[in-house]
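Note that this is a predicted model, so its numbers are computed, not measured. Only this structure's heavy atoms are used, side chains among them; waters, hydrogens and symmetry mates stay out.
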Amino acid sequence: MPLLSSTRPIQRISTSLAFIATALVIPALALAATPTEDQRPNVVVILVDDAGLTDFGPFGGEAQMPTIQTLADRGTKFSNYHTSPLCAPSRAMLLTGIDNHRTGIATIPEVLTENQVGQPGYSMFFEPGVRTLADRLKSVGYSTYMTGKWHLGSGDHLPNSHGFDRSFALDASGADNWEQKPYIGYYDFAPWYEDGKAADLPENFYSSQFIVDRMISYLDSDQPTAARQPFFSYLAFQAIHIPVQAPREITDSYNGVYDQGWHKLRQTRHQRAIDLGLIAADTPLAEMPANSKDWGNLSPEDRLLYARAMQVQAAMLESMDSHIGRFVDYLDARGELDNTLFIVTSDNGPEPSNPIEIPGMKTWMSLNGYNHRLDNLGEKGSMVAIGPEWANASASPLNMFKFYAAEGGIRVPLIIAGPNIGKQNWQPAMTLVTDITPTVLDYLGVPNQQTDGIAITGRSMMPLLDGSASAVYGEDEAIGIEVSGNSALIKGDYKLTRNTPPHGDNIWRLYNLAVDPGESKDLRALQPEQFDQLMEDYRNYEREFGVIPQIEDFDYIKQTRRNAMKNILRSNWRPLALTAVTLLLALWLIIRTIYRRRQRQA
């Protein structure tokens, strides 16, 4: 049966009428519905890791993504949706509807600095009073499930403590996609947990397949025998986070696609975005970041490696999409597909880091079973990253990438499709990751319970989805975003932004996103009054939300290295201490032996 089939008009009409009837009754009546009457829609949130604005097929990417394409064709695609520049803050904002500084996940542990440790908003777990979408939906009768990457708190702060009935979660920024092992020295193992308890992965593990398989098993095990119960499924894929890994046969299908390099891809995606209507025809293409490699200056061997890395990334997206397709087919077989709301997005822009180039990484890789060879790139045992140049191309026509508050780091794809969601080719209104939770609550007729705990800061996007409004934020409303010193303030058409080293320079700049989403022309000197007003708005945002300014010499790569070293020392202090004592003892014995020999010779 075709995905999202429209060949069942009677079921579709009855489902739509049931939803409208549910939406019209007062919330108290909706919440009191008996199980046999409960025809409320299911909610599925699909979160992709590190996908740029033009990485998805429907947004102009090369990867074959027919499942997500079908959802996009049936629903609404957002062209001006913004998230945070980093994974965990984005996930916290998505799942709560609250600014990251009020959730406790202001940044990620890997780049946390000493002045932030232990401060309010920087605990690195959901703080008291923060309620997730799972908490809220569970309280009104939904079954709640989560599989995939969590990265929102350890120990007592795993998904089972935040509203999820069942969960199989990775409590790390990433991990290997073929085996249960870490991907960087910050971690000494890959911490997977099922329902809050340490868990092992199966022998035939591949992340995208497993995330879907486990979600299906949860839905199967809790399938009611008589009364229907709606569910919330949160599938948080590892694709396409480092290490980028995919089956060889899919990778091979992209042979030749990226052989012309990143300069050509940037131009191709820029034009494709224009052709699709994602951006205006006169949108300038952003410049590549300073110190970017020139494709023409690479050796033939390096070109092969870099081109193959991008093939692996496209293959990883295609593989993920095929497993999402299996999930959609499963819902169809259960008769739930036409009564399910889908939300598909990315947590932030494309990943620029290339850990292979970090001093000491190759030694760590050899000790942990990784290599970087062309003959098995993307397969088991392979460490793959696309690097900043391909990352910039993945965000084309935008500026920069993940970690940064430039548009390439925070403007990403968003697709919403489901019952009573109209088809819109492109929805151009400014929207934010914190808008997802209030949108779901509004769609289902669930009170957002603003007085219960920390208040939601996002807005419902339902007025955009039902056509009753063209915007959810006013022209004079300031919208702040900040993670680890990478900052943005959007107000109407204007955006103020600052980005930290190594790819940024800590200089504040002003852009008009309406005509320059690629941030190619700094207006600071031309419009000083506008700049000063947005600076004042940003300072107000910092004060209101408790932003702790970043240390002056902050560099996320250097900070990750420092924190990794601390973790290694903390986790291995006993064997390191024993090694140090053994070496000192050996040195003492050598010195003692030499001394005695000299004494005898004298």
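- Across all non-hydrogen atoms, the minimal contact from D347 to D50 is OD1-N, 2.9 Å.
- In summary, the aromatic rings of H503 and F401 are positioned with their centroids under 6.0 Å apart.
- The main-chain N or O of T500 is found under 3.5 Å from a side-chain atom of N486 such that the two form a donor-acceptor pair.
- Between N506 and P501, the shortest heavy-atom distance links the atoms ND2-CD, 3.5 Å.
- For R411 and Y81, the positive end is not near the middle of the six-membered ring at less than 6.0 Å and at most 45° from its axis.
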TODO: With side chain to side chain donor-acceptor pair (under 3.5 Å) as the test, would you mind laying out the steps for D435 and Y473 before giving the verdict?
DONE: CA-CA 11 Å; D435 300 336; Y473 292 96; 2.6 Å; yes
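- Using bins of under 30°, 30° to 60° and over 60° for the plane-to-plane angle, the ring pair Y234/F232 lands in the parallel bin.
- With S520 contributing its side chain and P284 its backbone, the two residues share no donor-acceptor pair below 3.5 Å.
- Not a single donor-acceptor pair under 3.5 Å links the side chain of N348 to the backbone N or O of A51.
- With respect to I324, the side chain to side chain contact (heavy atoms under 4.5 Å, CB included) criterion is satisfied by exactly one of V44, L235, I68: I68.
- Pairing each heavy atom of H241 with each of M316, the nearest pair is O-CE, 4.5 Å.
- Side chain of R269 to backbone of S394: a donor-acceptor contact under 3.5 angstrom is found.
- Of the possible donor and acceptor atoms, one in the side chain of W150 sits under 3.5 Å from a partner among the backbone N and O of H157.
- Formation of a donor-acceptor pair under 3.5 Å by the D55 side chain with backbone atoms of G52 is found in this model.
- Aromatic rings from F78 and W426 are positioned such that their centres are separated by 6.0 Å or more.
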